[in-house]
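Okay, structure first, notes after.
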Amino acid sequence: MTRPQLPIVDTTTAPSTAAKLVDDFTPALINQGAHYLCPGCGEPIAMRLLMEAVEEMNLAQKTIAVFGIGCYTAYSNNLDVEVLQALHGRAPSLATGVKRALPDSLVFTVQGDGDMVNEGLQEVLHTMARGESVTCFLLNNGVFGETGGHMTAATVLGQRTKNTLEGRDAKEHGYPIVISDLIARLDGAAYVARGAVNTHTNVARTKKMVKEALAVQVSGQGSSFVEILTMCPTGWFVDTLDAPDYLQDNIEPIHRFGVVRNRAQNIEAD
Ligand SMILES: Cc1ncc(C[n+]2csc(CCOP(=O)(O)OP(=O)(O)O)c2C)c(N)n1
Ligand code: SF4
Ligand SMILES: [Mg+2]
């Protein structure tokens, strides 16, 4: 793909000033148009599309978000919806309690792959299996980003991380857990999809998935789940501008883009 010549962004040191979103384009539910996540990080894009979906569906007043712990948690104080902070991995259980106590609210979780697929795998599996009326969002970048970029259970084979410098090797580190495919096997999950934020087309398609998942909850059809593949150029040891292509070439072939299960349309896991 030909790419415009842009200046190379130095990601070896922390940014000295906050990245700014163009004010006119900052979603109304994000209170501040600035963030301190790394240049080229995919998580601000994912947060943006989540908040745009809530706003466009007119759900802000009834939304209670439950955050896990990761780089994206920086947004938990910056959103104009209620946000609860869960212990690492426990967001789906906390969300279950909130939804059962306040059934008229819209409850969703935001977790990273380390938080969800490593530290709290049983929480999300049981929540989806029970068919709780909540929506779980996973921001999957294949690393424990916030604590330095080491391997998670979702890291793909061959991926270089802080503790797999030669690339993840099945013999030494085991195989990746392809979480959306696993969740799609659970009958309580009414809608399961995997999107990505590495191209503008994928962002637009992922936003549709997010809206579909929230609509499933609103209409009381069961649990819904959307995994969003996000760039982490810092944790991947790749140049900032190469991260979207790295995601496409290395991560998407394993964690495949698309709707994995949609009970309403009889789309089932293979
Ligand atoms: C019980 C517990 N264990 C470990 C940590 C340390 N910790 C904080 S953030 C984090 C990494 C999270 O990685 P991930 O969920 O993939 O999110 P990312 O930063 O990549 O978005 C870890 C291990 C913690 N806060 N609590
Ligand atoms: S370490 Fe990775 S996930 Fe965390 S802010 Fe930087 S690019 Fe984003
Ligand atoms: Mg991660």
Side-chain angles (χ1 to χ4, degrees), residues 8-21 34-50 65-78 83-94 109-124 136-156 159-164 168 173 176-180 194-198 225-247 250-252 254-255:
I8 299 298
V9 181
D10 176 16
T11 54
T12 55
T13 52
S16 54
T17 54
K20 289 240 183 298
L21 301 172
H35 66 79
Y36 284 89
L37 275 64
C38 306
C41 180
E43 292 188 347
I45 308 173
M47 288 311 308
R48 177 196 182 103
L49 69 87
L50 291 183
V66 183
F67 272 51
I69 304 173
C71 292
Y72 58 88
T73 310
Y75 277 88
S76 58
N77 292 324
N78 190 18
V83 179
L84 296 174
Q85 177 66 64
L87 290 173
H88 224 11
R90 311 299 167 223
S93 300
L94 183 50
T109 63
V110 182
Q111 295 178 270
D113 49 314
D115 187 277
M116 177 190 282
V117 191
N118 285 73
E119 304 228 16
L121 181 58
Q122 71 161 355
E123 311 278 325
V124 71
C136 293
F137 293 115
L138 164 63
L139 312 187
N140 182 4
N141 54 18
V143 283
F144 282 94
E146 191 182 2
T147 39
H150 37 294
M151 187 191 99
T152 69
T155 302
V156 298
Q159 188 182 327
R160 195 172 174 220
T161 71
K162 190 60 81 54
N163 60 337
T164 60
R168 181 175 186 170
H173 313 113
I177 294 176
V178 185
I179 184 72
S180 288
R194 187 185 291 110
V197 295
N198 61 325
F225 183 92
V226 180
E227 173 178 357
I228 305 175
L229 303 179
T230 56
M231 293 78 74
C232 176
T234 309
W236 296 348
F237 302 99
V238 304
D239 186 82
T240 305
L241 297 180
D242 290 336
D245 287 349
Y246 180 91
L247 186 157
N250 297 281
I251 298 182
E252 201 277 340
I254 307 302
H255 300 284

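Remember, it's 1-based here, ligands and their atoms both numbered in the order they're listed.
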Honestly, for Glu119 the part within reach of ligand 1 (heavy atoms, under 4.0 Å) is side chain
**Q.** N or O pair under 3.5 Å between Phe144 and ligand 1
**A.** no
min-distance protein heavy atom vs atom 6 (C) of ligand 1 -> Thr147 CG2, 3.9 Å
Worked check of side chain to side chain contact (heavy atoms under 4.5 Å, CB included) between Val83 and Gln85:
CA-CA 7 Å; Val83 179; Gln85 177 66 64; over 6 Å; no
Any heavy atom of Asn141 under 4.0 Å from ligand 1? The part involved is side chain
Tell me, please, if Asp115 has any N/O/S atom, main chain or side chain, under 2.8 Å from the Mg ion (ligand 3)?
no
Flag for Thr161-Thr164: side-chain donor and acceptor within less than 3.5 Å = yes
Nearest non-hydrogen protein atom to atom 5 (S) of ligand 2, with distance, is Cys38 N, 3.5 Å
If you scan protein heavy atoms around atom 3 (S) of ligand 2, the nearest is Asn141 ND2, 3.4 Å
Note: ligand 2 atoms sitting under 4.0 Å from heavy atoms of Cys232 are 1 (S), 2 (Fe), 3 (S), 7 (S)
Min over His150, Glu43, His88 of heavy-atom distance to atom 23 (C) of ligand 1 lands on His88
of all protein heavy atoms, closest to atom 8 (Fe) of ligand 2 is Cys41 SG, 2.3 Å
The protein heavy atom nearest to atom 14 (P) of ligand 1 is Gly114 N, 3.5 Å
When distances are taken from atom 9 (S) of ligand 1, the protein heavy atom at minimum range is Glu146 OE1, 3.2 Å
Here the atoms of ligand 1 under 4.0 Å from any heavy atom belonging to Tyr72 are 17 (O), 21 (O)
Exercise for review: Using 2.8 Å as a strict upper limit, say whether an N, O or S atom of Cys71 approaches atom 2 (Fe) of ligand 2 that closely.
Suggested key: no
Ranked by distance from atom 17 (O) of ligand 1, the top protein heavy atom is Gly70 CA, 3.7 Å
Checklist entry - Measuring from the heavy atoms of Met116, does anything fall under 4.0 Å of ligand 1? => result no
request  = State, yes or no, whether a side-chain contact exists between Met151 and Val143 at a heavy-atom distance under 4.5 Å.
outcome  = no
For Asp113, the atoms of ligand 1 under 4.0 Å from one of its heavy atoms are 15 (O), 16 (O)
Taking the Mg ion (ligand 3) as the apex, Asp113 OD1 and Val143 O span an angle, rounded to 10°, of 110°
For atom 15 (O) of ligand 1, the closest protein heavy atom turns out to be Asp115 N, 2.7 Å
When distances are taken from atom 25 (N) of ligand 1, the protein heavy atom at minimum range is Ile69 CD1, 3.9 Å
Can you find a side-chain donor-acceptor pair between Asn163 and His150 that sits under 3.5 Å?
no
Practice problem: For Leu139 and ligand 1, answer yes if some heavy atom of the residue is under 4.0 Å from a ligand atom, otherwise no. | Solution: no
Review point. Which class fits the ring pair Tyr72 and Phe67: parallel under 30°, tilted 30 to 60°, perpendicular over 60°?
Key: tilted
The option among Gly112, Gly149, Gly145 carrying the non-hydrogen atom nearest to atom 18 (P) of ligand 1 is Gly145
At less than 2.8 Å, would any N/O/S atom of Asn141, backbone or side chain, sit next to the Mg ion (ligand 3)? yes
Here the gap from Ile254 atom CD1 to Ile177 atom CD1, rounded to the nearest 0.5 Å, amounts to 14.0 Å
key: Any side-chain donor near an acceptor of the partner, Asp242 and Thr240, under 3.5 Å   = no
Taking only non-hydrogen atoms of Val143 and a 4.0 Å limit, the atoms of ligand 1 in range are 16 (O), 20 (O)
